[in-house]
Amino acid sequence: MRPPRIDLHAHSTASDGALTPDELVRSAAAAGVDVLALTDHDTTGGLDRAAAALPAGMTLLPGAEISCSVQVSGRRIALHVLAYLFDRAEPRFAAARARLRDDRANHARRMVERIAAAGHPVRWERVQELARGTVGRPHVAAALVDAGVVPTVEAAFTREWIGSGGRFWLPKQQPDVWETLRMIRAAGGVSVFAHPFASARGDTVGPEVIVDMARAGLTGVEVDHPDHTPPDRERLRALAAELDLVATGSSDFHGAGDRRVLGSESTSRESYEALVARASGAAPITG
C-alpha cells in the first residue's frame, strides 16, 4: 500500500483561495489526498462546509494560517504560522482572528486604491468578483493580470508591484509572533512555521528566530514547500531535528492554475500523528 498523502496547507474562498471549501475537498480527493488541512488566512469560516463535503475515508485537519510578525535588528518581518486543532470558540484567539480578517480586507482595498491612483486600470469591484469570497492580496494580483498590467500572478508579487516592500505594497497591523504562539497554545492548538525560507515572497528570518520560536512553544516547521529550494529543505530538516520540531510538507494550494498543486508535497504519517497527539483543542474530522 502507498503511504498516505497528507497535505497540511491549503486555501479556499473563505480567504484567498479560488475554490469553495467543498470544491477544495473534492479536488483534494480527486488528487489522491488522504488528509487535508484547510488553513485559510486568519479564519475557520470554511471548515464546516469542507467537513460536510468529506468523502468516506478522507480526513480534514481543522486549521488556519495566522498572520503575525517579528522584530529583527530594528526591522519588522511578516511571518505566517499554521495553527491546527485549536478550540475555535476560545475567545481571545477568536477575537484576534476577527481583527486580522478586518484588517486584511481593508489592506487589500487600500492597495487597489493606490494602484488605481497611479493610473493602472484595476478596480475594487473587479477584485471582489475574482475573489468569490474574502479578498486577499492574491486577488489583487489576479486583477492585475486580468487588466493586462502584469503577465502572471508571480509577476505581481514582486517589489515592482505588490510584493513585500514593493511600490504598491502596504504594511499590515499584525500581532507579535510570540503572542500568536501563546494564543494558539492557550486554545489547545499546535503551531507550524509556514514556508520560513521562502525568500521569493519577501524578507525571511534566520535560524536564530526559529530557535527562539521553538523555545516559545512552536510545534513544527514546514520543510517541504513549493517555494523552498532543495538546500532550504536540507537546512530546515536538520534544524527541525536539532530542535525536536515536527517537520511537515504542504502544497499551499490556492486554486486552479496555481503552480502549487494539491498533494504535490506531503507530510509523513509520523509527523501528522505527532501534531495530533500534541493538540487538545479539537480533533481531526473523518468522512
Side-chain angles (χ1 to χ4, degrees), residues 6-28 33 35-54 58-68 79-108 131-139 172 174-175 177 179-194 218-220 222 248 250-255 262 267 272 275-276 278-287:
I6 302 171
D7 191 337
L8 297 188
H9 187 171
H11 298 272
S12 76
T13 52
S15 69
D16 58 351
L19 302 180
T20 63
D22 47 311
E23 289 171 341
L24 178 66
V25 166
R26 288 194 291 270
S27 294
V33 173
V35 179
L36 177 73
L38 180 57
T39 53
D40 282 314
H41 289 282
D42 310 311
T43 184
T44 58
L47 285 175
D48 291 339
R49 189 169 171 183
L54 279 175
M58 186 177 178
T59 297
L60 177 71
L61 191 72
E65 185 172 10
I66 308 301
S67 307
C68 54
L79 308 178
H80 287 163
V81 173
L82 295 160
Y84 302 111
L85 298 169
F86 54 87
D87 178 0
R88 288 190 261 172
E90 194 281 321
R92 186 178 176 196
F93 192 27
R97 296 195 305 276
R99 287 192 299 271
L100 284 165
R101 290 194 299 274
D102 290 344
D103 183 65
R104 187 177 184 85
N106 292 333
H107 176 256
R132 298 174 63 206
T134 304
V135 176
R137 198 161 40 137
H139 304 120
K172 290 190 291 186
Q174 297 174 328
V177 66
E179 174 64 12
T180 298
L181 293 173
R182 283 193 294 270
M183 287 191 293
I184 294 169
R185 191 166 63 252
V190 290
S191 54
V192 171
F193 188 2
L218 181 71
T219 314
E222 195 174 52
T248 69
S250 315
S251 68
D252 197 0
F253 177 77
H254 281 72
L262 272 169
T267 296
Y272 169 71
L275 290 177
V276 173
R278 298 183 195 185
S280 60
I285 304 164
T286 300

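- Counting all heavy atoms, side chain and backbone alike, A51 lies closest to L60 at N-CD2, 3.7 Å.
- Put simply, the side chain of L82 does not reach to within 4.5 Å of the side chain of L8, judged on heavy atoms.
- Remark: A18 pairs with no residue by the side-chain contact (heavy atoms from CB on, under 4.5 Å) rule, at least two apart or across chains.
- In this structure, the side chain of Y272 does not engage the main chain of V35 through any donor-acceptor pair within 3.5 Å.
- For A108, the side-chain contact (heavy atoms from CB on, under 4.5 Å) partners are W124, V135, V140, not counting sequence neighbours.
- Partners of D48 by side-chain contact (heavy atoms from CB on, under 4.5 Å), not counting sequence neighbours, listed by chain and number: R88.
- Relative orientation of the H41 and H11 rings is parallel, given thresholds of 30° and 60° on the angle between their planes.
- Between S27 and L19 the shortest heavy-atom distance is OG-CD1, 3.5 Å.
- Legend: residues meeting side-chain contact (heavy atoms from CB on, under 4.5 Å) with A28, ordered by chain and number and at least two apart, are V33, L36, M58, L262.
- Contact check for Y84 versus V276: no side-chain heavy atoms found under the 4.5 Å cut-off.
- Under the side chain to side chain donor-acceptor pair (under 3.5 Å) criterion, the residue pairs touching residues 179-192 are R92-E179, E179-R182, with sequence neighbours excluded.
- With sequence neighbours left out, R137 forms a side chain to side chain donor-acceptor pair (under 3.5 Å) with no residue at all.
- The shortest side-chain heavy-atom distance between T13 and P21 falls under the 4.5 Å cut-off.
- A salt bridge between D22 and R49 is present, with a side-chain N of the basic residue lying under 4.0 Å from a carboxylate O of the acidic one.
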